[in-house]
Amino acid sequence: VRRSLRRSAAATAALAVLWFGYCAARVVREPAAAAGDSLVVNDVTGLNPVTVARVLAPATVAEIEEAVRTHPGPIAIGGGRYSMGGQTASDGALHFDLRGFNRILDLDTARRTITVQAGARWRQLQEYLDPHDLSVMLMQTYSDFTVGGSLSVNSHGRYVGGGPVILSVASFRIVLPDGSLVEASPARNP
Ligand SMILES: Cc1cc2nc3c(=O)[nH]c(=O)nc-3n(C[C@H](O)[C@H](O)[C@H](O)COP(=O)(O)OP(=O)(O)OC[C@H]3O[C@@H](n4cnc5c(N)ncnc54)[C@H](O)[C@@H]3O)c2cc1C
């Protein structure tokens with residue numbers, strides 16, 4: 001009896017560990033909210049529902065330029081939606097859902113630079129870089145933020161003396177309110 005009790009306790013413990021691992025993996029790996037066609041945009045807290053007029057999930061920079069140029073009213077941008085004060089959406093505005101704008105465009109291993117779309121998550125970069133024996137130079141304490149969302153808030157890294165994340169950025173392209181595309185770096189359009 002004691003042996004079978006021990007076995008069933010071990011089996012229960014193994015199941016509990018597996019279940020915990022499964023739940024933890026879901027929490028860590030799944031985005032704050034799944035992409036969908038709802039006009040209600042929320043953040044990771046679930047406390048800030050905002051009804052927008054239209055959601056655009058662009059695949060190209062040209063689509064973003066065109067929408068910014070032609071949309072007459074306010075525009076708000078959502079990255080990973082991990083900020084917690086409703087900053088990613090505005091009532092009745094056009095909302096850019098950038099979670100699918102997340103391609104890795106280029107890796108230059110000699111220069112150790114990577115080019116990504118703004119909706120790429122740090123996790124994606126890590127997984128892409130790791131087989132090359134490289135890693136992200138500066139990032140925050142969590143991997144599911146997007147690169148654009150991190151830079152937009154001028155996030156700090158987690159490394160003492162490393163400074164803010166922007167110090168690891170060679171340049172980025174930004175669409176201005178008139179729809180024009182500008183390259184910005186410490187040397188050009190700083
Ligand atoms: C668990 C946890 C740990 C954290 N750790 C750190 C940390 O170590 N250091 C730190 O500095 N911060 C930290 N933060 C804050 C975090 O860096 C910010 O909330 C960050 O903005 C989250 O990125 P996101 O992709 O979810 O952005 P979102 O929440 O989607 O957007 C944040 C802001 O950026 C704007 N935005 C998003 N994408 C773009 C884009 N492509 N172009 C222009 N604007 C855009 C949005 O409109 C919004 O105003 C932490 C937050 C959490 C929840």
Side-chain angles (χ1 to χ4, degrees), residues 17-18 20-36 41 43-45 56-65 67-68 76-85 87-88 95-176 180-190:
V17 168
L18 282 175
F20 177 78
Y22 170 73
C23 294
R26 277 173 57 96
V27 168
V28 171
R29 296 196 67 95
E30 288 193 1
V41 175
D43 61 35
V44 67
T45 63
L56 178 69
T60 64
V61 175
E63 272 178 79
I64 297 173
E65 288 176 274
V68 173
I77 306 169
R81 303 185 182 182
Y82 283 90
S83 54
M84 299 182 186
Q87 297 97 324
T88 53
H95 177 79
F96 281 138
D97 180 348
L98 291 189
R99 290 174 294 179
F101 188 71
N102 63 353
R103 284 172 45 222
I104 292 180
L105 302 173
D106 183 55
L107 170 65
D108 184 334
T109 50
R111 294 181 59 215
R112 299 188 172 205
T113 57
I114 188 165
T115 308
V116 301
Q117 291 182 327
R121 296 171 193 271
W122 296 103
R123 173 184 302 285
Q124 275 177 268
L125 272 71
Q126 290 171 317
E127 288 173 351
Y128 192 86
L129 293 170
D130 190 55
H132 299 275
D133 202 23
L134 295 170
S135 60
V136 173
M137 183 177 149
L138 287 170
M139 56 170 278
Q140 308 98 322
T141 49
Y142 197 55
S143 314
D144 282 349
F145 307 139
T146 63
V147 172
S150 305
L151 294 178
S152 166
V153 303
N154 193 22
S155 67
H156 59 83
R158 60 185 293 188
Y159 316 101
V160 175
V165 171
I166 189 67
L167 296 182
S168 65
V169 176
S171 69
F172 58 77
R173 296 197 295 165
I174 183 167
V175 178
L176 299 182
S180 59
L181 184 67
V182 169
E183 173 114 10
S185 72
R188 290 182 68 194
N189 300 309

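Counting from 1, the numbers follow the sequence of the chain as shown.
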Audit row: Arg81, Asp144, salt bridge (charged side-chain N to carboxylate O under 4.0 Å, His left out) steps and yes/no: CA-CA 10 Å; Arg81 303 185 182 182; Asp144 282 349; over 6 Å; no

side-chain contact (heavy atoms from CB on, under 4.5 Å) assessment of Val165 paired with His156: CA-CA 6 Å; Val165 171; His156 59 83; over 6 Å; no

Single hit among Gln126, Gln124, Arg121 for side chain to side chain contact (heavy atoms under 4.5 Å, CB included) with Ser143: Gln126

Inter- and intrachain pairs under side-chain hydrogen bond (donor to acceptor under 3.5 Å, both in side chains), touching residues 180-190, at least two apart: Ser171-Glu183, Asp178-Ser180

From Leu56 atom CG to Leu98 atom CG, the distance as rounded to the nearest 0.5 Å: 9.0 Å

Qualifying side-chain hydrogen bond (donor to acceptor under 3.5 Å, both in side chains) pairs, either residue in residues 106-119, two or more places apart: none

Working for side-chain contact (heavy atoms from CB on, under 4.5 Å), residues Tyr82 and Gln140: CA-CA 12 Å; Tyr82 283 90; Gln140 308 98 322; over 6 Å; no

Backbone N/O of Gly78 and side chain of Thr88: donor-acceptor pair under 3.5 Å: no

Test item: Gln87 side-chain N/O and Gly85 main-chain N/O as donor-acceptor pair under 3.5 Å: yes

Distance-minimising heavy-atom pair for Leu181 and Arg173: CD2-NH1, 3.4 Å

Inter-residue atom distance Leu134.CG - Ile114.CD1, 0.5 Å rounding: 9.0 Å

Any Asn102 side-chain heavy atom under 4.5 Å of Thr146 side chain: no

Which atom of Tyr159 lies closest to which atom of Leu138, heavy atoms considered: CD1-CD2, 3.6 Å

Shortest non-hydrogen contact between Asn154 and Pro164, atoms and distance: OD1-CB, 4.0 Å

Shortest non-hydrogen contact between Pro131 and Glu127, atoms and distance: CD-O, 3.3 Å

CA sep, side-chain torsions, deciding dist, call: Val116, Arg103, side-chain contact (heavy atoms from CB on, under 4.5 Å): CA-CA 6 Å; Val116 301; Arg103 284 172 45 222; over 6 Å; no

Nearest heavy-atom neighbours spanning Leu129 and Ser135: CD1-C, 3.9 Å

Full working for side-chain contact (heavy atoms from CB on, under 4.5 Å) between Val147 and Phe172: CA-CA 11 Å; Val147 172; Phe172 58 77; over 6 Å; no

Nearest heavy-atom neighbours spanning Ile64 and Phe101: CD1-CZ, 3.9 Å

Any donor-acceptor pair under 3.5 Å from Ser152 side chain to Gly148 backbone: no

